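Fair warning: this is a prediction, and the values are worked out from it, not measured in the lab.
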Amino acid sequence: MGSVPPQACPDRRGPDGGAGGRAPAPDTGGTPGQGHGFGLDPDELPDGLVVADHTGHVVCFNRAASRITAITAAQALGARIERALPLEDLEGRRWWALTDPYGGLATRRGQPERNLLLPGGREVLVSARYVRTHPTGPLSRLVVTLRGTEARHRTERSHAELIATVAHELRSPLTSVKGFTATLLAKWERFTDDQKRLMLETVDADANRVTRLIAELLDISRIDSGRLEVRRQPVDIAAAVGRHVQALTANGQAPERFLVRVSRPLPDLWADPDKIDQILGNLLENAVRHGDGTVTIDVAPYEKGTAVTVTDEGPGIPEESMARVFTRFWRGSKRGGTGLGLYIVKGIVEAHGGTITVGRGPGGGAEFRFMLPVSAPAYLTQ
């Protein structure tokens with residue numbers, strides 16, 4: 001097969017145990033059929049892989065390691081690990097001297113992932129595994145994995161953006177609440193009953209806004225951690241749609257703006273009624289706020305459950321934006337809101353085992369369709 005190119009880990013071949021005159025690449029462990037030499041090339045791994053032998057010399061430096069560190073395999077292979085990968089911690093201390101894998105405690109099995117620096121300030125996420133011939137024996141090889149920090153930075157930026165959004169959304173209602181209550185306390189006798197009522201109604205509305213925002217944050221936390229609980233009960237989805245339409249018309253929307261079509265018979269739906277209300281409320285509010293014309297709500301059975309489609313006659317969602325509709329902070333053409341509602345809706349639908357899609361309706365407006373499968377609590381299916 002010839003010698004292995006410099007950017008790859010050497011194969012375990014030849015009388016000297018290595019390819020191209022290099023030291024032998026270590027076995028990756030596991031059962032036969034796993035590891036390099038059995039169909040797995042280290043260059044195929046998505047993360048950086050660096051392996052040093054029992055003497056501390058690098059015998060494997062895959063392509064991902066070169067990409068992440070900007071160090072070529074030709075520079076690294078055969079060099080001591082501390083020279084091939086000169087890592088420092090965030091306080092400027094040499095990491096290999098601190099951890100001392102070859103001379104440190106024989107009971108250590110490795111190092112957990114941490115953020116370290118290469119020369120020039122390049123950040124990498126590094127973890128290490130100490131492989132020993134027996135539990136307290138000397139190192140037979142040192143296995144190091146490397147990952148870039150881009151994903152972590154994206155997460156940190158997302159968290160920072162969430163904090164900034166929450167701070168902005170909280171500031172306005174809390175400023176209003178503080179202003180009205182301070183005014184009422186200082187000048188109560190100067191206002192008429194109607195003026196007092198108006199101020200208190202404004203304070204109540206702003207308090208509700210803060211409560212909704214806090215509920216959204218809790219939902220996001222549960223969705224991101226996979227802890228969103230669904231308490232299933234029998235739900236009349238058609239009646240739930242009717243309640244939301246009535247609430248919107250009671251708040252000033254024209255009744256003729258809504259068209260509800262229900263195709264019966266509908267299958268029994270077991271779902272969390274509060275969360276179904278949350279889905280419907282968000283989709284209908286978006287259709288009213290961002291769409292025009294008639295808002296059509298179709299409730300119909302589909303092959304394995306119930307489908308609800310909400311369509312408006314507005315300008316719709318641009319094709320290039322449809323892939324981002326259910327991400328955090330996405331907002332339509334009209335500003336307003338936190339941009340978290342549809343992200344939460346998707347999380348709730350998926351927690352029920354369903355799916356949600358977005359597209360363009362027959363009239364050109366936005367069309368949201370969520371489908372919930374037929375399901376029941378475990379105690380009814382046993």
Side-chain angles (χ1 to χ4, degrees), residues 1-14 16-89 94-102 104 108-120 122-133 137-153:
M1 294 177 59
S3 62
V4 175
Q7 66 270 24
C9 296
D11 199 356
R12 295 176 294 161
R13 293 174 287 112
D16 60 352
R22 300 190 189 279
D27 194 351
T28 57
T31 58
Q34 296 177 333
H36 186 45
F38 299 97
L40 175 62
D41 186 343
D43 285 336
E44 298 172 355
L45 298 174
D47 293 339
L49 175 65
V50 181
V51 181
D53 63 12
H54 66 285
T55 67
H57 291 84
V58 174
V59 295
C60 178
F61 202 87
N62 71 349
R63 286 195 179 95
S66 296
R67 171 178 53 80
I68 293 168
T69 63
I71 298 170
T72 66
Q75 293 172 310
L77 289 171
R80 289 280 303 179
I81 184 68
E82 61 269 19
R83 288 183 174 271
L85 207 59
L87 296 166
E88 295 182 352
D89 65 13
R94 295 181 179 179
W95 192 63
W96 295 116
L98 288 174
T99 57
D100 193 13
Y102 289 91
R108 287 181 179 165
R109 302 181 62 183
Q111 297 291 333
E113 186 176 72
R114 65 192 64 198
N115 197 7
L116 298 175
L117 299 175
L118 285 165
R122 180 185 291 265
E123 294 184 53
V124 288
L125 297 172
V126 182
S127 57
R129 170 77 183 278
Y130 301 165
V131 181
R132 305 180 187 275
T133 53
L139 253 64
S140 61
R141 61 184 179 269
L142 172 66
V143 181
V144 180
T145 58
L146 307 171
R147 292 195 299 131
T149 58
E150 295 83 0
R152 175 173 290 185
H153 289 328

So which atom in [X] and which in [Y] form the shortest heavy-atom distance, rounded to 0.1 Å?
{"X": "Val144", "Y": "Val126", "answer": "CG1-CG1, 3.7 Å"}
{"X": "Ser66", "Y": "Ala73", "answer": "OG-N, 3.5 Å"}
{"X": "Ile81", "Y": "Val50", "answer": "CD1-CG1, 3.8 Å"}
{"X": "Ile71", "Y": "Ala84", "answer": "CD1-O, 3.4 Å"}
{"X": "Gly137", "Y": "Arg132", "answer": "O-NH1, 2.9 Å"}

*Give the C-alpha distance, both sets of side-chain angles, the deciding distance and a yes or no for side chain to side chain contact (heavy atoms under 4.5 Å, CB included) between Val131 and Leu142.*
CA-CA 6 Å; Val131 181; Leu142 172 66; over 6 Å; no
*salt bridge (Lys or Arg N to Asp or Glu O under 4.0 Å) partners for Arg114, two or more places apart*: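 So Arg114 forms no salt bridge (Lys or Arg N to Asp or Glu O under 4.0 Å) with any residue.
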*Taking side chain as C-beta onward, heavy atoms only, is Trp95 less than 4.5 Å from Leu85?*
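Answer no - side chains too far apart.
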*Are the side chains of Tyr130 and Gln111 in touch, meaning some heavy atoms are under 4.5 Å apart?*
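Yes, close enough: below the 4.5 Å cut-off.
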*Who passes side-chain hydrogen bond (donor to acceptor under 3.5 Å, both in side chains) against Thr145, sequence neighbours left out?*
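Per chain and number, Thr145 pairs via side-chain hydrogen bond (donor to acceptor under 3.5 Å, both in side chains) with Ser127.
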*Which residue pairs pass the salt bridge (charged side-chain N to carboxylate O under 4.0 Å, His left out) test with at least one member in residues 122-131, sequence neighbours excluded?*
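Found none.
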*What's the spacing between His57 NE2 and Arg83 CZ if we round to 0.5 Å?*
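Here the rounded value is 10.0 Å.
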*asked:* Is it true that, when you exclude Arg80 itself, more than 12 heavy atoms of the residues, nucleotides or ligands shown sit nearer than 6.0 Å to its CZ?
replied: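 Enclosed: over 12 neighbouring heavy atoms sit under 6.0 Å from CZ of Arg80.
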